[in-house]
Visitor: 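Sharing a structure below in structure tokens format, with a few things to ask.
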Amino acid sequence: MAKTSILETADEAVAGIEDGSTVLVGGFGLAGMPFDLIDALIRQGAKDLTIVANNAGNGEVGLAALLKAGRVRKVLCSFPRQVDSYVFDELYRAGEIELEVVPQGNLAERMRAAGAGIGAFFCPTAVGTPLVEGKEQRTIDGRDYVLEYPIKGDYALIAAHTADRLGNLVYRKTARNFGPVMATAATTTIAQVSNVVPTGELDPEAVVTPSIYVDRVVQVEARHYTVQGAR
Amino acid sequence: MAKTSILETADEAVAGIEDGSTVLVGGFGLAGMPFDLIDALIRQGAKDLTIVANNAGNGEVGLAALLKAGRVRKVLCSFPRQVDSYVFDELYRAGEIELEVVPQGNLAERMRAAGAGIGAFFCPTAVGTPLVEGKEQRTIDGRDYVLEYPIKGDYALIAAHTADRLGNLVYRKTARNFGPVMATAATTTIAQVSNVVPTGELDPEAVVTPSIYVDRVVQVEARHYTVQGAR
Amino acid sequence: MTDETYAEAAEAPQLSDAPLSMDELAKVIARDIPEGSFVNLGIGQPTKIADHLPAELGVILHTENGMLGMGRKAEGDEVDADLTNAGKVPVVETPGCSYFHHADSFAMMRGGHLDVCVLGAFQVAHTGDLANWSTGKPGDIPAVGGAMDLAIGAKDVFVMMSLFAKNGEAKLVEACTMPLTGVGCVSRVYTDHAVFDLGPDGATVRETYGITLAELRERVAVELH
Amino acid sequence: MTDETYAEAAEAPQLSDAPLSMDELAKVIARDIPEGSFVNLGIGQPTKIADHLPAELGVILHTENGMLGMGRKAEGDEVDADLTNAGKVPVVETPGCSYFHHADSFAMMRGGHLDVCVLGAFQVAHTGDLANWSTGKPGDIPAVGGAMDLAIGAKDVFVMMSLFAKNGEAKLVEACTMPLTGVGCVSRVYTDHAVFDLGPDGATVRETYGITLAELRERVAVELH
């Protein structure tokens with residue numbers, strides 16, 4: 001990847017995302033959700049998107065707002081149905097959005113494979129369940145596995161805590177979740193961060209996402225939400 | 001894994017390693033090599049070992065000393081032949097040791113697969129070379145891949161910089177190399193460290209090997225060597 | 001199953017005069033979690049088990065959204081939107097905790113490094129098959145989360161559930177009728193009426209609460225050793 | 001290959017009166033490395049290229065033993081046994097560097113995230129096949145290191161080598177006779193006598209040093225566009 005751009009606005013950061021793109025969106029529920037980038041993407045107007053994310057939106061912020069704006073054709077996720085996922089639920093029941101349910105660990109590992117140049121891998125998860133119907137299976141050393149393929153993104157929109165000016169990223173607590181994996185799996189990775197610090201200020205031992213995986217960075221005000229009625 | 005034991009001596013740390021075990025040994029050249037654990041393993045006496053490591057020993061310290069003591073039946077490594085690998089070279093030419101050469105990235109990824117519960121993976125490395133003879137191949141999305149299987153260890157001997165009393169580990173600079181991967185791939189992981197600190201003193205964001213992967217820890221005096229005549 | 005273990009099991013002690021509440025059951029499960037083990041407690045009832053694990057036991061909790069050493073639910077000012085459990089509830093840290101990303105978190109699980117995972121269930125077959133992610137009703141929005149990863153991911157997978165559904169049918173069954181989460185993965189089932197060990201040979205009763213073995217055999221339609 | 005590019009190539013400029021030294025060649029390669037790119041320089045001659053990459057170019061060096069942002073060779077007190085390059089030579093940090101383990105380092109490489117990798121070679125076929133890990137002589141101890149991972153792991157794989165072996169034979173060949181490191185992986189070959197672009201259609205001469213295109217065609221036994 002080329003040098004990371006440090007941009008002034010979220011709108012610049014999402015410029016050029018084409019209709020029909022596959023966009024990986026970070027976050028587990030609302031922790032680590034790149035709210036500002038998603039809002040900018042709604043303003044930017046790209047439509048017919050395939051979204052890869054753990055959930056299918058909470059309330060009417062972040063991913064839920066993008067769904068509500070009618071920009072998403074398909075969602076790959078592990079857990080769409082939540083206490084506050086009514087935007088997705090209505091679209092799905094109305095037949096206006098496609099859904100592919102992927103076990104959470106497979107979602108992560110398939111993106112990891114995309115980023116790591118692995119062509120496919122034999123995974124023990126979901127063997128014997130309806131989610132592996134039609135998939136290639138094999139017994140290795142007495143254990144049953146299913147062949148899983150990489151999930152690659154055209155873009156990744158992620159949220160991190162701090163970037164340096166080269167684009168190295170660190171995260172905060174469990175908001176780390178999918179960010180580091182998605183950063184490796186997309187052609188263009190766009191990160192919103194709460195802080196940009198001079199190069200050299202991050203501890204090289206503690207960098208989680210090396211700059212090579214980050215194309216664009218924008219600093220935004222931290223916004224925090226918690227899931228309403230979370231179990 | 002059960003609770004990590006913090007032991008007083010390297011000899012206690014390597015107790016119980018059986019003849020015929022597969023032992024993953026950390027280090028890239030001499031950086032990250034667990035010298036004290038290897039010396040203790042020589043005293044302990046286990047023989048007929050299969051060693052998985054990047055190199056096959058330098059000079060007469062560490063892994064080279066173990067080879068010289070005649071305890072190793074087979075070595076899986078990426079780069080046995082070095083400027084100062086004369087101990088291995090002589091054993092190999094005398095037909096006294098088996099060698100399986102594995103590309104460096106495959107060595108790491110195959111151990112990662114063992115630790116991550118992946119049954120096998122399609123890898124693009126080494127396609128079309130003598131190292132894939134007899135291996136299953138497949139074209140996926142127009143690219144050729146070889147099916148690679150996990151490498152699992154009975155024991156891993158690694159060196160880290162600091163442990164807390166739960167067994168969380170951090171490393172130092174490029175001495176990190178294979179340690180974190182091997183820790184996940186062995187039934188029993190034994191780490192020598194330069195410091196043991198009270199639990200809670202390591203930054204949770206910067207822990208590289210979580211305690212779940214570490215069974216035994218021993219604090220030793222740091223010993224440093226550099227490869228003689230390194231290119 | 002040998003005759004000896006059969007004989008032992010036939011005398012499964014009745015340890016309480018009444019069925020257990022879910023809190024009491026949580027306490028029973030906590031009692032069986034070995035010192036210093038690494039444990040994942042599934043969303044819902046299993047989270048209650050944490051309340052019965054004294055700190056000195058050194059049990060370390062994994063949450064699949066990327067943390068080892070998860071602490072209790074956060075209260076008041078402790079709430080931090082960046083620190084939640086798998087149920088998206090804000091929690092706190094414990095000393096010696098660590099964070100990692102999702103691929104590393106599920107590698108830890110899939111790789112068999114966790115000692116125990118406790119899950120809720122709709123149905124469990126006496127051979128260890130688990131159904132806990134979908135009732136299979138048409139029109140339901142499918143959502144699996146980490147259920148299938150958890151089901152195959154720990155050395156021991158325990159189920160915590162009420163033994164009988166609202167309609168009175170036992171949830172320990174000959175074969176699951178709901179979509180499976182995992183095959184042959186459950187090793188023990190904790191219920192309000194009894195605890196069962198599962199294995200290739202079927203279910204063995206470990207202990208009962210407010211029910212005799214004879215009554216249990218009458219109401220549960222699988223062979224009980 | 002169209003007639004147009006053929007015509008262009010036929011006029012490959014002779015940019016020097018004499019073959020280049022390896023240091024001069026390193027400078028030529030450095031010139032072609034784009035600003036801000038991520039680069040892995042193989043063990044041996046390619047490491048010289050780093051000396052010709054001014055800091056303001058913002059090129060970031062990857063070393064496969066687990067670091068991005070590797071600096072120059074360490075001198076005197078800077079030597080730290082815990083900080084070496086892939087050739088096990090002590091090096092220094094640059095600001096903004098980061099460390100990672102071997103699986104992550106090779107995932108970075110295998111996943112195609114590096115822009116350029118420069119490797120030495122024993123032989124390169126005009127279709128891009130590379131032989132650089134084993135001469136294939138019986139009795140040699142096989143050792144591959146990261147060569148095969150590097151060969152398939154960067155967007156562009158450049159080779160840096162002398163064009164002719166000691167016995168005078170060209171090392172740019174129709175088909176490698178030595179054991180392969182990778183197939184069709186090399187996109188450009190920098191030699192002391194000429195620079196070649198490789199592709200499915202074969203080799204195109206970009207520029208020459210102290211040799212004419214006609215002489216080159218005489219001494220190199222592959223079709224040169």
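Chain naming here is simple, since letters A, B, ... match the order of the sequence lines and numbering starts at 1 in each.
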Visitor: Is chain B contacted by the side chain of A/Ile118, its backbone, both, or neither, given a heavy-atom distance below 4.5 Å?
Guide: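 Both parts, heavy atoms under 4.5 Å.
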
Visitor: Looking at B/Arg176, B/Glu109, B/Arg112, which makes the most heavy-atom pairs under 4.5 Å with chain A?
Guide: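 Greatest number of close heavy-atom pairs with chain A: B/Arg112.
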
Visitor: Heavy atoms only: give me the nearest B/Ala206-A/Ala206 pair and the separation to one decimal.
Guide: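 Answer, listing the atom of B/Ala206 first, then A/Ala206: CB-CB, 3.9 Å.
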
Visitor: Can you tell me which portion of A/Tyr149 sits under 4.5 Å from chain B's heavy atoms? Options are side chain, backbone, both or neither.
Guide: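 For A/Tyr149, the side chain is the part near chain B, not the backbone.
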
Visitor: So, do A/Leu147 and B/Arg138 sit near enough that their side-chain heavy atoms are less than 4.5 Å apart?
Guide: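 Of all side-chain heavy-atom pairs linking B/Arg138 with A/Leu147, at least one is under 4.5 Å.
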
Visitor: For A/Arg73, I'd like to know if atom CZ has over 12 heavy atoms of other residues, nucleotides or ligands within 6.0 Å.
Guide: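 More than 12 heavy atoms, drawn from other residues, nucleotides or ligands, come within 6.0 Å of this atom.
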
Visitor: Under 6.0 Å from the NZ atom of A/Lys47, do we count more than 12 heavy atoms belonging to anything else shown?
Guide: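 Atom NZ in A/Lys47 is not crowded, with 12 or fewer foreign heavy atoms closer than 6.0 Å.
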
Visitor: Indicate the atoms forming the closest heavy-atom contact of B/Ile140 with A/Ala120, along with that distance.
Guide: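 Scanning both residues completely, I find the closest heavy atoms to be CD1-CB, 3.9 Å.
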
Visitor: Going by heavy atoms in the side chains, are B/Lys173 and A/Glu205 under 4.5 Å from each other?
Guide: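 SC-SC contact between B/Lys173 and A/Glu205 confirmed.
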
Visitor: Under 4.5 Å heavy-atom distance to chain B, tell me which part of A/Glu148 shows up: side chain, backbone, both or neither.
Guide: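 Neither part.
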
